[in-house]
Amino acid sequence: MDPILDGLNEKQREAVLAADGSVLVLAGAGSGKTRVITHRFAYLIREKNLKMENILAVTFTNKAAGEMKERIARLTGESTSRAWVRTFHATGLMIIRRNPETIGYPHNFVIYDADDSKDIAGSIMHDLKINTTVYKTGPIMHAIFRAKDNMITPGEYEKDAATEIEKVTASVYREYENRLRENFALDFNDLLLMPIRIFRDNPRLLEYYQDLWRYMMIDEFQDTNIAQFQFMKLVVSRDRHICVVGDDDQSIYGWRGANIENIYKFKRDYSPAVVPLEQNYRSTQLILDAANNVVNKIPGRMEKRLWTSRSGGEKIGLIETMRETDEARVIAETVRELSAKYKNSEIAIFYRTNSQSRVLEEAMLRANIPYRIFGGQKFYERKEIKDVVAYIRLIINPFDRQAFERIVNIPARGVGNVGRQKMIAYAKESGISYVESLMKSGEVSGIQRESVRKLNDLGQVLFELNQSLEQITPTNFVKILIDSIEYKKYIREFDETGPDRWENVEELVNSVKEFEESGDTSEKKTIVDFINSITLHADIDDLKEEEERETVSLMTIHNAKGLEFPVVFISGVNDGLIPHSNSRHSPEQMEEERRLFYVAVTRAKDKLYMSFSGSRLVYGDLIPTKPSVFLLDIPSELYDEIRTHSTYEPQRRTPGKGVGKFTNPPAAPKEEPAYTYEGKVGGAEKGSSVSGMDELKPGDRVRHPNLGAGTVKSVSAKLMQIEFDNWGLRAMGGNFLSSLRKIEAK
DNA sequence: CGACCAGGAAACGGC
DNA sequence: TTCCTGGTCG
C-alpha cells in the first residue's frame, strides 16, 4: 500500500514518476492535475530525500496553494509550513523581503495594487500637464502593465513609441517607475521583475536559491507571462528539474499579459517528457462532448481528447428569454427546483462581465435564495477600507506619497488640493517624510492655523504608531488608529451609506484579528504582514470548501477557473458578451473567448445550463441581441428541451424610472424575431417558405428579407448557422424560420 | 475649501 | 444605469 502512487491512473503515475529533468504535463480540464502536483511533490520528498523547502511549487491563486499544502501534508504526514507552495507574486515578494537592500529598498516597502497604480498615473499626468480627457489613465496603465509583463523597460518603450498615445505612455511609464521608487513602493509586476533583477545582479543569491529549490513545479503554465518564464528559466538554469503543468485550451488571461506561447516555447526549448492527461474525473461524457466541440475549432492547439468513464449524462438545459430580468428569474426558479436534489453550495452561476451580476443578484434576492458574489466591487476597493489601509501604509512607510495624498484631508482638516500639493513640495524640498511634514505644517505657507493644529496632531499620532509597529498586536494597532483619527464619526456621517461603511471597517478589524490568529501563531505577526497579505489577496481565495452558509456562487467565468460545481449555469450566452464584442476584430482574442467558454462548460460535473436573452440593457438602453455563435458548435442532440419564457407580467419599477425602451424597436414578432439584425439588403422574396428546422440541411440556399441570400452551414434542433453572401456567418434561433425562404442553389 | 450639480463617459476579464 | 470630472457658489 503506497498512498503516494496507488490510486493514480497510468498517466498520472507517469507524471509523478518522471522526477528528474524537464516534464510537461498537458492536463486537460478535470484530469486531476492538483493530484499530480501534490503526489509528485510528496514523491520527490520521499524518493529524493528532500526537505519541504527544497521544492518550489507555483500556483495560480492563494486558494490553490492552500489546498495543495493541505494535501501534501496529508500525504507526507509532515508539516508544510516551510514548503514553498505559493503564487508567483507571493514567491517574488518573499525573495524581495529577504533582500530588499539589493534593489535599494528599505525593509518597510509597500505594494501597490492596480488601483493605486492608476491613481499614480492620474497624479503623474496632472504633473506632466497631460490632457486627461484625451488620454485616460486606464488604457495608459494597461499599456504600462503589458510592457512590464513583457519586460520592456521605459527606455525601450520610449525608443519604439511611434504614435502619440505611445509617446505619452512612454513619458508616464518613465515617471511612474520613478514615483514607485520614491515611494519605496512596488507594483504587482515588480514582484516578478525585481527578483529577476536580484538574481541577475547577484549570482551568489541565485545560487543560494538554486541550492534551496532543487525542483520546481508550475501550475497553470498556459497563463504565465514572459517575466514568469524568465524567472523560471533563471531558477532552473542549473539543474533543469522543472515540471510545468498546463492546458493550452484553458489559456484565458492573454489580456493580462499571459503568453500562451510559453507552453509551446517550453516544449521547444526544454525538450521535456510530455505526459498528456486526458481522462476527466469531473464531468459526464455529454458535457465533455459539448466542451470538445467548442474547443476543437481552434487551430494549432495541442490535440487532446477528454474522456470519462461517466458515460451519458443529463442534457444541457437551454433557457431563452426576451429580457435579462426574465433570464435571471428563470435561473432563480430553476435553482429552486434543483434544491430537491442539490445543495445551494453545489450550484454556480457564471457570467462574462461583472455588470451582469446585478440582475442575477436581484433575482436571487427576490427568490430568497442565499447567494454569494465573487469579484465585482471588492472589499479592499471600498473607500472606507482604502482609507484605513492608506493610513496604515503611511505609518509603515512615511514616504508613501499616494497614501499621504489620500488621507491628509480625511477626515476633513481644511487642506484641499492646493494645500496638499504645497505640503508635498515642502516635504520633497526638505527631504523629510510626509509624516514629518505634518508635524512641521506650520512652516508651509498658506495653511490655515486651525489646519496646522490638526495636522500636527495627526503627525504626532502617526509618528507614535510608527514607533510601536512591532510592539502592538495588529488588531490593537488598527483599533488604536481608527480611534485616534476619529474615523468612526467621520465615516458614519459620510452619507446615507455611512452606517454600512462603518460595518465594513469593523469587518476589516475582524479580518485583522483572524489574520493574527491564523496559521503558525508562534511567529509574531505584525500589521506589516497583514498589509502584505491583503495586497496579494484574491476574492476567490475566500471560497471555502464547506461554506457554512449554504450559498449559490455567482462569479465571472475568469473567476471560475480551476473550480468545479455539480450544477453550472452559464448566463448571458449572447453574441457580444461571449464572445465579447471587444474581441470581434481579433482572431486571437476570438480564440481566447472560445477557450473561455470552454472553461465555463468544463466546470460542470453533472448538469449544465446555458441561458441567453433576446435583449440586454446596455447603459440603460434596451438593445436586441443574438444568441452566441458558440452555441452552434455544440451538437443539437446534446441540448435538452429549450425553455422559452417571453411573456411575463411587467416588472415593478421604481416610480419615474419607466420601463426600458428599445432604441431600435424590433418589428412585430410575426415578421421579426427577437434577434434583429442591422443591415438592409433588399431582394424579392421568392422561394418556398420554411416551417420547421428539420426542413433545412447544410448546403441549402435560403433568403432572408434583410440579410439576403445565404447558405445553411449547420442546423441543430434549436439553432442554425447561415453563411450570408453579403453579411457572413450568422447564428439564429427558431423564430427566424418564418422569415426565411428556401431558394434554388446559385 | 468643499458641497453640490450637470454633463459626459463608460464596464471585459483581475494577481 | 452608474461613475467620474469639472464647474459654480456659499
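It should be emphasised that the depicted structure is a prediction, and the values quoted were computed from it without experimental measurement. The figures that follow rest on heavy atoms only: side chains count, while hydrogens, waters and symmetry mates do not. Numbers restart at 1 for each chain; the letters A, B, ... are given by sequence-line order, proteins then strands.
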Enumerate, atom names and distances included, each donor-acceptor pair closer than 3.5 Å involving a side-chain atom of residues 187-197 of chain A, sequence neighbours excluded.
from, atom 1, to, atom 2, distance (Å)
A:Asp187, OD1, A:Lys148, NZ, 3.3
A:Asp187, OD1, A:Asn189, N, 3.1
A:Asp187, OD1, A:Asp190, N, 2.9
A:Asp187, OD2, A:Lys148, NZ, 3.0
A:Asp187, OD2, A:Tyr176, OH, 2.7
A:Asp190, OD1, A:Lys148, NZ, 2.8
A:Asp190, OD2, A:Lys148, NZ, 3.4
A:Asp190, OD2, A:Asp187, N, 3.1

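Distance NZ (A:Lys422) to C1' (B:dC1): 13 Å, rounded to an integer number of Å.
At least one donor-acceptor pair closer than 3.5 Å links the side chain of A:Ser615 to the backbone N or O of A:Met322. Without hydrogens or angle criteria, A:Asn574 side chain to A:Ser613 main chain gives a donor-acceptor distance under 3.5 Å.
Between A:Trp255 and A:His558, the distance separating the two ring centers is shorter than 6.0 angstrom.
Rounded to a whole angstrom, the distance from the P atom of B:dA11 to that of C:dG6 is 15 Å. C:dC4 and B:dG13 are spaced 15 Å apart, taking the P atom of each and rounding to whole Å.
Backbone-only contact: A:Asn409 has heavy atoms under 4.0 Å from sugar-phosphate atoms and none from a base. Among the heavy atoms of the strands lying under 4.0 Å from A:Val418 are primed sugar atoms or P, OP1, OP2 only; no base atom is included.
By the ring-ring contact (aromatic ring centres under 6.0 Å, His included) test, A:Tyr487 is found to be paired with A:Tyr490, residues two or more places apart in sequence or in another chain being considered.
Taking 4.0 Å as the cut-off between side-chain N and carboxylate O, A:Arg352 and A:Glu593 count as a salt-bridged pair.
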With the criterion being N/O to N/O and under 3.5 Å, what pairs connect the protein with nucleotides 8-12 of chain B, and how long is each?
from, atom 1, to, atom 2, distance (Å)
B:dC12, OP1, A:Asn582, ND2, 2.9
B:dC12, O4', A:His580, NE2, 3.1
B:dC12, O2, A:Arg352, NH1, 3.1
B:dC12, O2, A:Arg352, NH2, 2.2

